[in-house]
Each structure stands twice: as C-alpha cells, then as structure tokens.
Amino acid sequence: MSSRFRCGLCGRSYPLGKRIRCGCGGLLEVEHEFPEDLDVSIFDGRLGAKRPPYNSGVWRFKELIHPTIDERYILSRGEGNTGLYGHRKLSAYVGLEGVWVKHEGENPTGSFKDRGMTVGISEARRLGVDAVICASTGNTSASLAAYAAQAELQCIVLLPEGGVAYGKLAQAIAYGAKVVEVEGGFDAAMHLLEEAVETLGLYPLNSINPWRLEGQKTIILELLQQRDWRPPDWIILPAGNLGNTSAFGKALRELWELDLIDEIPRLAAIQAEGANPFYRLWREGGELKPVEKPWTIASAIRIGRPVNWRRALKAVKWTDGVVEQVSDQEIMDAKALVDRCGIGCEPASAASVAGAKKLVEMGVIDPGEEIVCILTGNLLKDPELTVKYHRGEIEGVEPHLANRVMRIEPRIEELEKTLSSPP
Ligand code: F0G
C-alpha cells in the first residue's frame, strides 16, 4: 500500500508532503494504491471497536483514507458514527417514500467537518507542523479550533466579518483559536489564506487540503455500510465550497474501481439561489464565473468563488448527477420540517431536503427511488435564525411552519387554553 499526490489539473504526481497546489496551480488529490483483495469485511469487523482510532467512523476505513499513517499520529474523537433517520413527515414533505437523512451534525463539534479535520490534523502532526490556519464560514473554524487545541498546535481562523452564526463563532473563540475577522466575506478570507500559506508557511486545513477530502469520503463509506453496502439511488447534499461534492465523487469512484459497490448513486448538489456559481456553471458550461456578492440566509454556504469547483463538477458528471438551487424560503421551511421531525439541523443543511423536494416536483427523482439527504450541521449552530423564523422576524421569509411561543398569566385556565391551540 502506498499513497502520493496527483494534480487534478495536469496529472503531475508528487510524494506526500506539505504541498497543497501543483506547480501549475491545480489542487492536489491523494492517490492511493489499494491492495487488490481489499474487502468490506475489514471495515465491518471494526464496528464494535471500543478504542480509538478504530471506534471512529473515519478511521474504521483507514485503508481507504490514509493507509500508511502511523497510529501514534492519529488524533481522533470518535468522529462519524452518525445516524441515518427516516420520518413519516419527512417523506410526506419531500413527496417520496424512501427518504433518509444522514445527520452529520452528530459529529463531535456538530458538523461533518470533523471527519476531514481528524485526518488533516493527524497529517499535520505527522508532518511536524506547528501552526495551522483556515478560512471559514464557521464550521471549519469550530472544528479546526477544537482539534488544534487537542493537538496543542497554534491555530488561526479567518472569518467573514459579521457573517458567522453564533454557535460556530462561540466554538472558535472558546477552543482558543486566534480568531481574525476579515472584511469582504468568505471569498476574501480564502484569498488571504492562500497568501498566508505561501508567505507565512502556515499549514492550511481548508478543503483545499487533500486530506480533508479523504476524511469526508467517509460520509459515503459509512452511509453505505449502514445500508449493508447497498447504494441508494440518489445522495443529495448542500454545496458551498464544494469540498463534500468532490469527496463524495472520489469515494464513489474508488469504491466502484475496487468493485465494492455494483451501482453508482447519483449526486445532487444543491446551492442557495443567491450564492449559486456552481449551479450557473452547470447550466451554462465553460469556466466558473464567481458570484461577486453572494447572499443567502444560510451563512455556511454564502460562497461566491468555490475553490473545489473543478473536481466537484467531475464528481457530479461521473455519477450522472445534477446541480439544483433553492431559495432561502425553501431552505428555512425545509429546516423547520426537519426540526419538527425531532431531527434538527442548521439552515445550510436543509438545502439538501429542500433540493430533494424540488427535484421530486420537477420529476428528476422518480417516485419509486430511494434517497439519502446529508444534514451537514447541528441545529444548535444557529439558534438565532431558528428563533427568528418561528417569530416571523426574518425579512423576506414567511414562517410557514411556525411554532409560536405563547405567554400566559400563571393561571391553570390560561394553561388549559393553550392545550387546544395549534399545532
Ligand atoms: N453545510 C454546512 C453546515 C457547512 O458548514 C458547509 C461548508 C457546507 C454545507 C458546504 O460544504 O463547502 O463542502 O460544499 N462550510 C465551510 C466552512 C465552507 O468554512 O465551515 P462544502
């Protein structure tokens, strides 16, 4: 077993190391040489593991992620092991019987980012770096701050000024990262990060880091394992910087080449209407044209210049997938529905469910098909928006599924009256 880097643009290969981009400017990917007889029984055999690293839903798949890393470098908090849920109301809302959600908000810091971060930070330890950096709409920074604190590495996070949900900002501050707000939004912060990597020698743990994507592949691996390696017809996910879309495509391609799946699920990447450069690219073709002032209520995916667009496009095409967009109204209603099912998620996550509903209405997804929507982050990441929705305080969004808080005098007759009020 061995691994190396390969440029996604020109194909040049490099030995593993700190490098993130090829000389030609393309992003590097990890290319593994897998043993021919690799079988899922090794992963299934670890399901009862009690101790790190194999109790993690990332490292359980070590042979497909980072086969050669020595266990002493691995920093793991038992990532993954996230639930796959169905609900009658969810199926009714989407308009399909076979609807499942995989809840990545159940990861240690509340988002799927922990899956990539455990691999990225373990690699940072292997490389012996002492300072790490990311630009983030919030979740990456929360995750990196936590893992860097545990690894005792210096951590700098670049955040769009005023554009991060409170739960995430609180995490980054509390875990002790150096928190730097950057004027001009996420795309400006990302640009600054690339410069910092060049000039200050900091190790970046954004999804431009190939190891992050290796970790995020395990969303697919674990969901297939939970289904006894039987792929659904569709996997539907929110799309921002397009790390997950790229990672999902890579996971599926590798599984297919290893003969571990016999069908390829179609990927549906869902963008928010006001931050939709990937959707436009899908419709118009050519090169990605950035959206200069991206806006959506779902701050996690408020991104106009996604760095991973080339590999994400390859992934969607390879799976015969689609790219769709949804409005903030659709996002917030879908979120309210997911929340009402007792599952709960943050706004960006609900783009997957809103997208599923739309694709069923458009006839792209057939009534008999089975789908898995990825919920990328926890409900508690953005409590402010949740409360505002139910109070009807979000401009331009109607609270169709509002659960109004009631206020009463402390008398039993008053309380009794509330019992008969909807919902
Ligand atoms: N959902 C949530 C909750 C996210 O935090 C993100 C990305 C996405 C979806 C989109 O995933 O970038 O792989 O297409 N958040 C990044 C961050 C950008 O900095 O936390 P993607």
Side-chain angles (χ1 to χ4, degrees), residues 101-107 109-117 120 133-146 157-160 163-165 167-169 171-172 177 182 185-187 189-190 193 204-209 212-213 215-217 219-220 236-251 267-272 275-279 294 296-309 311-313 315-316 323 326 331 334-335 338 344-355 373-382 385:
V101 289
K102 181 153 178 67
H103 203 337
E104 289 300 301
E106 294 174 351
N107 271 290
T109 74
S111 82
F112 70 92
K113 306 286 180 181
D114 295 335
R115 291 189 185 259
M117 212 52 82
I133 186 168
C134 75
S136 177
T137 56
N139 279 323
T140 300
S141 69
S143 182
L144 179 59
V157 306
L158 307 178
L159 303 180
V164 174
K168 307 172 190 183
L169 181 62
Q171 285 178 296
V182 181
F186 172 80
D187 299 303
M190 196 66 210
L193 169 122
L205 276 165
N206 273 96
S207 55
I208 53 169
N209 184 313
R212 281 274 315 279
L213 300 195
Q216 286 166 212
K217 284 184 342 194
I219 302 174
I220 294 288
I236 305 175
L237 75 163
N241 217 10
L242 300 170
N244 257 353
T245 309
S246 307
F248 286 17
K250 187 169 192 283
L267 292 179
I270 312 297
Q271 293 223 283
N276 64 354
F278 193 51
Y279 172 75
T296 162
I297 201 157
S299 57
I301 51 174
R302 198 180 290 155
I303 296 172
R305 197 182 284 266
V307 291
N308 293 299
W309 68 269
R311 43 196 184 196
L313 185 63
V316 176
V323 182
V326 289
I331 288 175
K335 170 183 151 51
V338 172
C345 65
E346 68 163 284
S349 307
S352 63
V353 173
C373 299
I374 308 299
L375 300 181
T376 43
N378 195 288
L379 187 153
L380 294 173
K381 290 281 190 174
D382 199 342
L385 216 48

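Note that the coordinates shown come from a computational prediction; the quantities given were computed from them, not determined experimentally. Counting starts at 1 for both ligands and their atoms, in listed order.
- With ligand atoms numbered from 1 in the order given, ligand 1 contributes 2 (C), 3 (C), 4 (C), 5 (O), 20 (O) to contacts under 4.0 Å with heavy atoms of N139.
- Near N241, meaning under 4.0 Å from any of its heavy atoms, are these atoms of ligand 1: 12 (O), 14 (O), 21 (P).
- Formation of a donor-acceptor pair under 3.5 Å by the D187 side chain with backbone atoms of R305 is found in this model.
- At a 4.0 Å heavy-atom cut-off, ligand 1 touches A300 through backbone and side chain alike.
- For the pair T245 and ligand 1, the shortest N or O to N or O distance does not fall below 3.5 Å.
- Atom 17 (C) of ligand 1 has its nearest heavy-atom neighbour, among T140, T376, D382, in T140.
- Between N244 and the options Q216, K113, E104, a side-chain hydrogen bond (donor to acceptor under 3.5 Å, both in side chains) holds for only Q216.
- Of all atoms in ligand 1, listed by their number and element, those nearer than 4.0 Å to a heavy atom of G240 are 10 (C), 12 (O), 14 (O), 21 (P).
- Which of R212, K113, E104 comes nearest to atom 16 (C) of ligand 1 through a heavy atom is settled by distance: it is K113.
- Close contacts of ligand 1 with T137, meaning ligand atoms under 4.0 Å from a residue heavy atom, involve 15 (N), 16 (C), 17 (C), 18 (C), 19 (O), 20 (O).
- Here the protein heavy atom with the shortest distance to atom 11 (O) of ligand 1 is F112 CZ, 3.6 Å.
- Between P294 and I303, every side-chain heavy-atom pair lies at or beyond the 4.5 Å cut-off.
- At a 3.5 angstrom cut-off on N or O pairs, S136 counts as close to ligand 1.
- Separation of atoms CD1 (I208) and SG (C134) is listed at 10.5 Å; rounding is to 0.5 Å.
- Closest heavy-atom contact between A300 and E346: CB-OE1, 3.7 Å.
- Not one N or O of S141 is nearer than 3.5 Å to an N or O of ligand 1, by distance alone.
- With rounding to the nearest 0.5 angstrom, the OG atom of S349 is 10.5 Å from the CG atom of L237.
- Taking a cut-off of under 4.0 Å to the non-hydrogen atoms of G243, the atoms of ligand 1 that pass are 13 (O), 14 (O), 21 (P).
- Using a 3.5 Å distance cut-off with no hydrogens or angles, the side chains of N209 and R212 do not pair a donor with an acceptor.
- At a 4.0 Å heavy-atom cut-off, ligand 1 touches I301 through the side chain alone.
- With a 4.5 Å cut-off on side-chain heavy atoms, K168 and L159 do not count as touching.
- Of all the heavy atoms of K381, none lies under 4.0 Å from any atom of ligand 1, so neither backbone nor side chain is involved.
- For the side chain to side chain contact (heavy atoms under 4.5 Å, CB included) test with N241, the passing option among S207, S136, S246 is S207; the others fail.
- For ligand 1, the polar-atom distance check against A239 finds no nitrogen or oxygen pair separated by under 3.5 Å.
- Within the 3.5 Å criterion, the main-chain N or O of T140 finds no donor-acceptor partner in the side chain of S143.
- For ligand 1, the polar-atom distance check finds an N/O of L242 within less than 3.5 Å of one of the ligand's N/O atoms.
- Taking each heavy atom of L242 and P306 in turn, the nearest pair found is CD1-CB, 3.6 Å.
- Residue contacts with ligand 1, taken as heavy atom pairs separated by less than 4.0 Å, involve I303 solely via side-chain atoms from C-beta onward.
- How far CZ of F278 is from CD of Q271: 7.0 Å, rounded to the nearest 0.5 Å.
- Each of the following atoms of ligand 1 lies closer than 4.0 Å to a heavy atom of N244: 13 (O).
- Not one N or O of E346 is nearer than 3.5 Å to an N or O of ligand 1, by distance alone.
- An N or O contact shorter than 3.5 Å is missing between Q216 and ligand 1 by distance.
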